[in-house]
> 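Quick one: structure below, then a few questions.
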Amino acid sequence: MNNINSNDEKELKEFDENHVWHPYTSLNSPIPTYHVVSAEGCLLRLDDGRELIDGMSSWWACCHGYGNQHLIDCITDQLNKLSHVMFAGFRHDPATVLCKRLTSMLPEGLDYVFLADSGSVAVEIALKMAIQYQSAKHPERTRFLTVRGGYHGDTMAAMSVTDPGSGFSSEYQSYIPKQYFIERPAISFHDEWNDSAIEPLALYLKEHHQETAAFILEPVMQGAGGMYFYHPQYLVKARELCDRYDIVMICDEIATGFGRTGKMFACNHAGIVPDIMTLGKGLTGGMMTLSAVAVTAKIRDGISASPAKVLMHGPTFMANPLACAAANGSLDLLLSGDVCARTVHIEKLLYDGLKELTACKRVVKDVRSLGACGVVELNRPVDTVRMQKFFVDRGVWLRPFGNIIYIYPPFIISDEQLEACMKAVRELVHILDRDGEY
Ligand SMILES: *Cc1c(COP(=O)(O)O)cnc(C)c1O
């Protein structure tokens, strides 16, 4: 496939358009795709030679950018030794070392790790664990509680705790289990805390704790449900309430883990320890798919006390050695520099570079940044396809969704590259503000 002539290229493009599914798009009216051929550092290279500055970290996974030599070496090394083996009955160092390192980094007490294959699967496992923990103690507790504005993945149970208003799950409502939703934490990250913000949760739990197995949420930074940052004190209060009623607290750090929010884990902003934490996306530095579910001794013991005694889950590619080797390489990179200082620096650049857009009152609702994530929230949704072309024409790769234009760069992005992303966003928002149309 290395030497495709232009005819083949045309044929492949057509085949892709007509036969290959891309996320959230229709094969009957395909959305144009850009043909990427390689990537290095913070640059994505297209087949026509154009280079795009990556402001998305490839859906938030490639935190070290592309083609990092250390990650390539870790994987290549492992590839020559053992690329895959079943995890039932075998152990291998890439997995053991990874779990040992994770438990030493995670909030104190999250000492037991299950390795799975993707973020959504990690969420499924976390929910299964919570049900199983409760099955020994409170078997009637079978529903989940979550906050609005959340996103937890595209599989069935993960969808059931994703905001039903976000569109991810509306088509499947007739099938997916009904869960409980309370309003999203009302006080934003940078505003002053007020105890009234915990009342919806307190009231709900007072009435419904006997039906509720677990409370699941993204700590501090909600992602695909709207890029909203809320006050860490909410997590402190939620932790107290979950303890009071023996509700399992699940923090989904799939998007926020590994320095993204300016702390190694978003839970660190609040100093809390959830009962279960899910990790994914940046876990391997975006080199391949892997996720992890870490739990405390309480959950470990609860599952052992359940009728089945063991967690009934065993993915075929559980603890894939190549993925574990990539994750170990990514941890080397994260721990060798001060990643949080870097993301806090990016937070400041993002805010300074975007805040002038609050003046565009006709179209802009809010401008905010936290860690390596900068958001311009508009009053109305934009056309993703048109916006994407606008950005590609300016040499940057950004993909707005709904009414959210955001920059979520690899941590290695240079200040100049970040400025190029922000310049394109400013230009777009000024045009929208001037023309009043999207
Ligand atoms: C992306 C994401 C998931 C789903 O992960 P996949 O690897 O896409 O299955 C779950 N939870 C959160 C918070 C996410 O951002």
Side-chain angles (χ1 to χ4, degrees), residues 21-25 56-63 114-130 144 146-164 166-169 172 176 179 181 184-185 214-230 235 249-261 263 265-267 269 274 276-294 313 315-320 323 326-327 330 370-373 375 399 401-402 404 406-409:
W21 243 295
H22 288 259
Y24 314 117
T25 62
M56 289 285 92
S57 304
S58 282
W59 266 350
W60 323 349
C62 297
C63 52
F114 189 104
L115 295 168
D117 15 23
S118 76
S120 301
V121 172
V123 170
E124 298 286 326
I125 291 165
L127 298 176
K128 282 173 75 170
M129 286 173 161
F144 296 108
T146 187
V147 292
R148 291 204 173 266
Y151 173 82
H152 297 286
D154 289 348
T155 53
M156 287 293 181
M159 254 195 315
S160 78
V161 289
T162 288
D163 191 325
S166 62
F168 290 106
S169 60
Y172 314 100
I176 60 180
Q179 315 293 11
F181 291 83
R184 72 179 193 186
F215 179 42
I216 179 170
L217 77 176
E218 295 153 282
V220 174
M221 179 189 281
Q222 291 187 312
M227 292 282 165
Y228 171 66
F229 316 142
Y230 63 85
L235 294 171
M249 184 175 185
I250 304 171
C251 284
D252 181 351
E253 293 245 15
I254 289 167
T256 51
F258 306 109
R260 178 59 63 176
T261 67
K263 300 271 187 199
F265 300 97
C267 284
H269 286 284
I276 303 179
M277 185 188 280
T278 52
L279 298 166
K281 292 204 163 101
L283 176 59
T284 62
M287 295 300 277
M288 53 186 73
T289 179
L290 181 72
S291 65
V293 187
H313 204 101
T316 305
F317 286 96
M318 184 167 183
N320 173 259
S330 179
L370 181 64
C373 177
V375 179
R399 189 181 163 88
F401 66 91
I404 302 290
Y406 72 107
I407 304 176
Y408 207 101

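For ligands, and for the atoms within them, numbers begin at 1 and follow the listed sequence.
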> Is the closest heavy atom of W59 to ligand 1 under 4.0 Å?
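No.
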
> Using a strict cut-off of 4.0 Å, indicate which atoms of ligand 1 neighbour a heavy atom of S120.
4 (C), 5 (O), 6 (P), 9 (O)

> Would you say Y172 has more than 12 foreign heavy atoms packed within less than 6.0 Å of its OH?
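Counting neighbours around OH of Y172, 12 or fewer heavy atoms of other residues, nucleotides or ligands fall under 6.0 Å, so no.
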
> Considering only heavy atoms of A255, which atoms of ligand 1 have at least one such atom less than 4.0 Å away?
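Result: 15 (O).
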
> Can you list the ligand 1 atoms lying under 4.0 Å from a non-hydrogen atom of H152?
10 (C), 11 (N)

> For the residue pair P164 and R148, establish whether any side-chain heavy-atom pair is separated by less than 4.5 Å.
yes

> Any nitrogen or oxygen of W60 lying under 3.5 Å from a nitrogen or oxygen in ligand 1? Just yes or no.
no

> How long is the span from the CG atom in L283 to the OG1 atom in T289, to the nearest 0.5 Å?
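Here the rounded value is 9.0 Å.
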
> Does ligand 1 come near enough to E218 that some N or O of the ligand is less than 3.5 Å from an N or O of the residue?
no

> Would G119 count as a polar contact of ligand 1, with the cut-off being nitrogen or oxygen pairs under 3.5 Å?
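There is such a contact, yes.
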
> What's the separation between atom CZ in F317 and atom CG in L290, rounded to the nearest 0.5 Å?
13.0 Å

> Among all protein non-hydrogen atoms, which one is nearest to atom 15 (O) of ligand 1, and what is the separation to 0.1 Å?
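Answer, as residue, atom name and distance: K281 NZ, 2.6 Å.
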
> For D252, take its heavy atoms, then give the atoms of ligand 1 lying under 4.0 Å from any of them.
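Taking each heavy atom of D252 in turn, ligand 1 has 10 (C), 11 (N), 12 (C), 13 (C) under 4.0 Å.
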
> Kindly indicate whether the side chain of E253, heavy atoms from C-beta on, has any atom under 4.5 Å from the side chain of F258.
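Side-chain contact under 4.5 Å: no.
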
> Quickly, which of D252, T162, D163 forms a side chain to side chain donor-acceptor pair (under 3.5 Å) with H152? Name it, please.
D252

> Report yes if the side chains of F265 and L279 come closer than 4.5 Å at any heavy-atom pair, otherwise no.
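Contact flag for F265/L279 side chains = yes.
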
